[in-house]
Amino acid sequence: MAFKILIANRGEIALRALRACRELGIKTVGVYSDVDKDLKHLKFADETVCIGPASPAESYLNIPSILSAAELTEVDAIYPGYGFLSENYEFADQCNKSGFKFIGPNSETIQKMGDKITAKNYVKKYNIPIVPGFSDDIPDDESKVKDIVNEIGYPVILKATAGGGGRGMRVVVNEEDLINLIEITKKEALNSFGNEKIYIEKYIQNPRHIEIQIIGDGKGDAIHLGTRDCSVQRRHQKIIEEAPAINLNMQNLNKTLEACVNLCKEIKYEGAGTLEFLYENNEFYFIEMNTRIQVEHPVTEMITGFDIVKAQIKIALGINYDLEQSKVNFKGHAIECRINAEDPETFQPCPGLITKMHTAGGFGIRYDSHIYSGYNVTPYYDSLLAKIITQANSRGSSIKRMLSALDEFFVEGIKTNQPLHQKILNDDVYINNMHTINYLENEFNK
Ligand code: MV4
């Protein structure tokens, strides 16, 4: 049976999904906003549909418009990618109810993991290590609240349960500020997310950001594809990611991997997912689960040879799929540099016309990007232009390969953060893997 998929996204991930479909012999529908008609993946899609104006709310976030495009083109399934509607449980539900398979987990699972308290309490039952804290309703009695937080120990962090990805958080360092900051955080949570519910966690001061990639077949089988280290970030925007995360406590790592796989088996998780952890003093602390493909998935693909996007699609369409942990082999080390259209000093987005460019290539280098000479970077969407991924036998060799690739790569007409990458990859703290989530903001933002 010939399948047809609508790709409900843009940029590099739309192209990534389109490539997977073509390899699988699946027909594709590309959708685009008014300013995106020249996107690269549209030139290879079997059909294309305009879904609205540039503003994301009116196009890539516009559920009725996307469902209309799906109806018009009679697709079997919808691929959400990352961002936009990828973790919107109502969208998943509406796709499925309209007869278009949402490529990802079911709506209930997306909803559960979207509420951060629910997610935490949920994974805790499966022996996944979580951050110590308080996840019940915060009592009105101030002295009770103070007792609870004294028990956890300062500093603590207040988080909006509807937040995530760094939004709606606040650190409290002493009791004087506690009650006041709880009120402020609640109000902000209500304003930002329409839900004032917050929870309290021990603040982990200088952790690494480690994640575990899992794949489930939706029928009770699941595997893991190991770890990634995504500690090089600024304002919750990852800049460099790598796989595997090195220098982890093996005993705790193996316990955590097993617990993650067990969770996915028990809940019959379908598709690709990522459990995010903070890692400090040999301990893992679960913070969130992402129920979508992630930007940095290529580093995992490069060390395993496992095509995560193809797996998502095949599992969703019920194309025969065997998940066997023993068939997953890890080879060497992969690094991804995100090239953004931004000023390398001020980090401000830099839209404009790409007048000339050249990609990097060679042994062990992968390049995932939708840009080309003559491409216009608009200010409406995120500034990711390209992902350069290198794979080599060791982390050191992978870094050297990346430096060579960054030397070859050039983009003219707009500013990019390429010089920032070159600075980091030549920095001893990074080279020696001594960095944490605070590294970039401390070392390079002076
Ligand atoms: C934390 C934390 C320290 N302690 N939770 C930020 C995004 C969201 N996923 C959770 N985040 C954090 N939660 C406790 N208990 C520090 C962060 C954090 C962070 C986490 C991962 C990657 C980058 C980060 C940058 C700043 C803060």
Side-chain angles (χ1 to χ4, degrees), residues 7-19 30-33 35-36 38-42 54 56 59-61 79-87 165-166 209 211 228 230 232-242 274 290 292-302 308-309 334-344 346-354 357-360 365-390 402 405-406 409-422 424-425 440:
I7 301 167
N9 214 302
R10 64 178 306 285
E12 71 86 19
I13 195 64
L15 181 60
R16 170 72 186 88
L18 177 125
R19 285 171 172 158
V31 298
Y32 60 96
S33 75
V35 292
D36 269 351
D38 294 324
L39 283 180
K40 181 168 169 179
H41 77 288
L42 301 172
S59 49
Y60 301 105
L61 289 170
Y79 188 83
Y82 51 69
F84 297 124
L85 296 168
S86 61
E87 291 179 294
H209 179 83
E211 43 190 47
R228 291 188 286 261
C230 308
V232 181
Q233 60 85 37
R234 183 183 172 274
R235 299 197 178 164
H236 309 292
Q237 285 292 114
K238 295 166 185 164
I239 305 284
I240 299 175
E241 305 96 341
E242 45 193 288
T274 300
N290 303 318
R292 57 163 199 278
I293 189 80
Q294 290 196 259
V295 177
E296 60 271 27
H297 75 276
V299 290
T300 300
E301 294 184 330
M302 294 311 283
I308 300 172
V309 176
I335 298 178
E336 170 178 284
C337 286
R338 294 191 191 186
I339 308 295
N340 295 329
E342 67 188 25
D343 186 304
T346 66
F347 299 95
Q348 287 307 298
C350 274
L353 184 70
I354 296 173
M357 65 162 295
H358 197 279
T359 70
I365 293 175
R366 169 174 172 180
Y367 175 72
D368 277 24
S369 173
H370 58 295
I371 64 169
Y372 48 83
S373 190
Y375 179 87
N376 187 38
V377 181
T378 67
Y380 301 101
Y381 313 108
D382 82 15
S383 59
L384 181 65
L385 290 181
K387 305 187 299 200
I388 302 175
I389 302 110
T390 60
M402 185 64 81
L406 287 168
F409 179 82
F410 75 84
V411 172
E412 281 177 17
I414 56 169
K415 287 184 193 169
T416 78
N417 63 350
Q418 187 177 357
L420 175 68
H421 282 294
Q422 288 165 318
I424 296 168
L425 293 173
L440 199 51

Review point. Nearest 0.5 Å, what's the CD1-SG distance between Ile240 and Cys230?
Key: 11.0 Å
Practice item. Dump the intermediate steps for side chain to side chain contact (heavy atoms under 4.5 Å, CB included) on Asp36 and Tyr380, then the final yes or no. Key: CA-CA 10 Å; Asp36 269 351; Tyr380 301 101; over 6 Å; no
Check your understanding: Is any side-chain N of the basic residue among Arg234 and Glu342 closer than 4.0 Å to the acidic one's carboxylate O?
Key -> no
**Study point:** Ile371 side, atom CD1; Glu12 side, atom CD - distance, nearest 0.5 Å
**Key:** 11.0 Å
Review point. Between His41 and Gly30, which heavy-atom pair has the shortest distance, and what is it?
Key: NE2-CA, 4.1 Å
Check your understanding: Which atoms form the tightest heavy-atom contact between Ser86 and Gly81, and what is the distance?
Key -> CB-O, 3.1 Å
Check your understanding: Are any non-hydrogen side-chain atoms of Asp343 and Cys350 less than 4.5 angstrom apart?
Key -> yes
Study note, to complete from the structure: Smallest heavy-atom separation, Met357 atom then Phe409 atom, equals CE-CE1, 4.3 Å
Check your understanding: Is there a side-chain contact between Pro351 and Thr378 (heavy atoms, below 4.5 Å)?
Key -> no
Review point. Just wondering, do Arg338 and Val295 contact through their side chains at under 4.5 Å, heavy atoms?
Key: yes
Point to revise | Candidate pair Ser383 and Asn417, rule side chain to side chain contact (heavy atoms under 4.5 Å, CB included), full reasoning | key: CA-CA 10 Å; Ser383 59; Asn417 63 350; over 6 Å; no
Study note, to complete from the structure: Residues passing the ring pair (Phe, Tyr, Trp, His ring centres under 6.0 Å) test with Tyr82, sequence neighbours excluded, are none
Exercise for review: Output the distance between atom NE2 (His297) and atom CZ (Arg292), rounded to the nearest 0.5 Å.
Suggested key: 12.0 Å
Review point. Between Val299 and Ala334, which heavy-atom pair has the shortest distance, and what is it?
Key: O-CB, 3.5 Å
Check your understanding: Taking it one step at a time, do His209 and His236 satisfy side chain to side chain contact (heavy atoms under 4.5 Å, CB included)?
Key -> CA-CA 11 Å; His209 179 83; His236 309 292; over 6 Å; no
Practice item. Indicate yes or no: at least one non-hydrogen side-chain atom of Glu296 is less than 4.5 angstrom from one of Lys238. Key: yes
Check your understanding: Do other residues, nucleotides or ligands put more than 12 heavy atoms under 6.0 Å from the OH atom of Tyr367?
Key -> yes
Review point. Which heavy-atom pair separates Val31 from Ala8 by the least distance, and what is that distance?
Key: CG2-CA, 4.1 Å
**Study point:** Audit row: Val35, Asn376, side chain to side chain contact (heavy atoms under 4.5 Å, CB included) steps and yes/no
**Key:** CA-CA 9 Å; Val35 292; Asn376 187 38; over 6 Å; no
Practice item. Flag the pair Leu420 / Phe347 as yes when at least one side-chain heavy-atom distance between them is below 4.5 Å, and no otherwise. Key: yes
**Study point:** Nearest-0.5 Å distance that lies between atom CZ in Arg10 and atom OG in Ser33
**Key:** 7.0 Å
Exercise for review: Have a look at Gln294 and tell me which of Thr274, Ile308, Ile13 forms a side-chain contact (heavy atoms from CB on, under 4.5 Å) with it.
Suggested key: Thr274
Point to revise | For Tyr32, ring pair (Phe, Tyr, Trp, His ring centres under 6.0 Å) partners two or more places apart | key: none
Revision key, fill the gap. Nearest heavy-atom contact between Leu39 and Tyr60 is CD1-OH, 4.2 Å
Check your understanding: Is the shortest side-chain N to carboxylate O distance from Arg228 to Glu241 below 4.0 Å?
Key -> no
Point to revise | With Arg366 via salt bridge (Lys or Arg N to Asp or Glu O under 4.0 Å) - residues at least two apart | key: Glu301, Asp368
**Study point:** Whether Asn9 side chain and Ala14 backbone form a donor-acceptor pair below 3.5 Å
**Key:** no
Revision key, fill the gap. Rounding to 0.5 Å, atoms CD (Glu336) and CD1 (Ile239) come to a distance of 11.0 Å
**Study point:** Atom pair NE2/CG of His370 and Leu18 - distance to nearest 0.5 Å
**Key:** 13.5 Å
Review point. Any idea how Phe84 and Tyr381 line up, ring-wise: parallel (<30°), tilted (30 to 60°), or perpendicular (>60°)?
Key: perpendicular
Review point. Do Ile339 and His421 have side chains that get closer than 4.5 Å, going by heavy atoms?
Key: yes
